[in-house]
Novice: 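Before I ask anything, here is the structure I am working with.
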Amino acid sequence: MLNIYRKSLLILKNNLIFIQPLLLCLLMFMTALSFLAAKSTLLIPNIVLLISMFLLFIAFSAGWFYINKFGVENFNETDTKEEITIKAVQNFKKFFEGVGFAFVKTTFSYVLLFIIYFLVVLLSVKLCLHFYGEPKIIYELPKLAAASSQAEILNFLNGIPYKDKIIFSLWILTFNFISTILNFFVVLFFAVLNFEGFNIFKSLWVSIRFFFKNFIGSISIMFFTFVLYVFLNILSVLLGANSLSFVVLIILFTMYLNYYLLLVFCFYYDKAKINSNNRTEFIG
């Protein structure tokens with residue numbers, strides 16, 4: 001596993017150009033959301049903007065997954081600096097090829113994943129209500145949002161009964177745990193979809209089977225990436241709120257997302273593709 005962590009980091013280092021589509025997509029989404037937040041009613045232009053951003057997100061995803069797939073497949077640790085630069089540019093040029101090649105499949109993939117997300121969240125809510133009870137604190141959150149000073153926030157938090165704090169904390173922990181697993185499955189699903197070229201249902205089945213077959217490695221990646229995510233959140237608090245820290249955090253966050261993707265892609269490629277090829281050669 002340590003080799004996979006190292007290999008993923010090297011691929012990201014050799015292909016930093018890969019974060020450009022992701023960075024551009026994030027900035028465009030933030031701009032669109034700020035525009036929508038400024039509107040009090042959902043007019044036709046807002047609906048058109050939402051649909052456009054959704055289609056744009058699918059296009060970015062299809063191209064981004066595609067170039068990262070080639071980044072993994074074309075990686076060679078013995079490459080010279082010149083060869084690394086040439087490969088990075090060649091891989092990046094496949095972005096629009098990936099958009100055209102995988103747009104439809106990526107669209108249906110997101111529809112399927114949304115349904116799965118919805119069902120899992122619905123089941124999780126029912127289980128939490130059954131085992132933990134209702135988190136009454138959520139009805140008081142508007143008061144917290146309306147607080148105008150730190151003293152008011154502290155008074156509000158101190159006024160919450162201890163039992164409600166425990167219940168709310170259990171809900172948060174449960175949903176963090178579930179979202180960590182779901183996020184890993186989403187990236188693993190797209191790894192199978194891109195490397196194998198299966199249809200979306202077979203890709204889902206293969207990704208589930210791969211997860212349980214490589215359970216320890218999957219858990220280690222989820223734990224490692226979760227720790228990195230927590231570190232980024234702590235760093236965002238330490239840096240404070242200013243223009244420079246915002247730019248730094250956005251760049252770090254896009255690098256984190258790209259590293260996460262490469263980590264799962266390398267994990268699948270090394271375990272499923274390379275090992276499969278080695279077994280075939282051995283049998284031959």
Side-chain angles (χ1 to χ4, degrees), residues 1-34 36-37 53 57 60-61 64-65 67-68 71-72 88 92 117 137 141 144-145 147-154 156-158 160 165 168-188 190-191 217-267:
M1 283 301 300
L2 289 176
N3 183 55
I4 291 174
Y5 290 111
R6 178 176 168 275
K7 178 181 176 182
S8 304
L9 190 59
L10 286 174
I11 296 174
L12 178 60
K13 178 186 173 184
N14 294 348
N15 298 274
L16 279 175
I17 195 174
F18 284 1
I19 72 170
Q20 288 187 10
L22 182 60
L23 184 60
L24 180 60
C25 185
L26 284 174
L27 292 174
M28 291 180 69
F29 262 88
M30 291 169 65
T31 304
L33 289 174
S34 64
L36 290 172
M53 293 310 297
F57 173 72
F60 269 106
S61 298
W64 187 53
F65 294 144
I67 61 176
N68 277 276
V72 173
F92 187 74
Y117 254 93
I137 188 176
L141 290 179
L144 180 62
S148 58
S149 66
Q150 189 173 0
E152 288 184 23
I153 294 173
L154 289 174
F156 171 80
L157 295 175
N158 291 330
I160 299 171
K165 291 180 181 178
F168 186 68
S169 298
L170 289 171
W171 275 71
I172 295 296
L173 287 172
T174 300
F175 274 90
N176 278 334
F177 176 74
I178 291 169
S179 64
T180 299
I181 295 175
L182 284 174
N183 291 338
F184 177 82
F185 262 116
V186 168
V187 184
L188 180 59
F190 280 112
S218 299
I219 294 297
S220 71
I221 289 176
M222 283 189 282
F223 177 77
F224 178 70
T225 51
F226 181 76
V227 170
L228 285 179
Y229 178 74
V230 171
F231 172 76
L232 280 177
N233 278 276
I234 294 173
L235 188 63
S236 67
V237 174
L238 294 176
L239 288 176
N242 58 69
S243 301
L244 180 60
S245 64
F246 175 76
V247 172
V248 171
L249 286 170
I250 286 292
I251 294 173
L252 288 176
F253 185 64
T254 54
M255 292 178 69
Y256 161 77
L257 289 177
N258 213 135
Y259 181 62
Y260 188 178
L261 181 81
L262 285 169
L263 196 53
V264 180
F265 272 40
C266 283
F267 181 51

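The chain is numbered in sequence order, starting from 1.
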Novice: With respect to C266, which candidate in L261, L9, I11 satisfies the side-chain contact (heavy atoms from CB on, under 4.5 Å) definition?
Specialist: I11
Novice: List in chain and number order the residues that pass ring pair (Phe, Tyr, Trp, His ring centres under 6.0 Å) with F185, two or more places apart in sequence or in another chain; answer none if no residue qualifies.
Specialist: F211
Novice: Within the structure provided, determine whether S218 and F267 are in side-chain contact (heavy-atom separation under 4.5 Å).
Specialist: yes
Novice: Look up atom OH in Y229 and atom OG1 in T180, then write down how far apart they are to the nearest 0.5 Å.
Specialist: 9.0 Å
Novice: Please determine whether the number of non-hydrogen atoms from other residues, nucleotides or ligands lying under 6.0 Å from atom CG of L173 exceeds 12.
Specialist: yes
Novice: Find out whether N15 and F92 are in side-chain contact, i.e. whether some heavy atom of one side chain is under 4.5 Å from a heavy atom of the other.
Specialist: no
Novice: With a 4.5 Å cut-off on side-chain heavy atoms, are V187 and N183 touching?
Specialist: no
Novice: If a pair satisfies side-chain hydrogen bond (donor to acceptor under 3.5 Å, both in side chains) and one of its residues is in residues 18-28, list it, with sequence neighbours excluded.
Specialist: none
Novice: Minimum heavy-atom separation for L262 and S8, please, with both atom names.
Specialist: O-OG, 3.5 Å
Novice: Applying ring pair (Phe, Tyr, Trp, His ring centres under 6.0 Å), which residue pairs with at least one partner in residues 11-33 are found, sequence neighbours left out?
Specialist: F29-F57
Novice: If the condition is ring pair (Phe, Tyr, Trp, His ring centres under 6.0 Å), which residues does F65 pass it with, not counting sequence neighbours?
Specialist: F190
Novice: Which residue pairs satisfy the side-chain hydrogen bond (donor to acceptor under 3.5 Å, both in side chains) criterion with at least one member in residues 252-266, sequence neighbours excluded?
Specialist: W64-N258, N68-N258
Novice: Only pairs under 3.5 Å count here: list side-chain donor-acceptor contacts from residues 220-228, not counting sequence neighbours, and write none if there are none.
Specialist:
residue : atom : partner : partner atom : Å
S220    : OG   : Y5      : OH           : 3.2
S220    : OG   : G217    : O            : 2.7
T225    : OG1  : I221    : O            : 2.7
T225    : OG1  : M222    : O            : 3.2

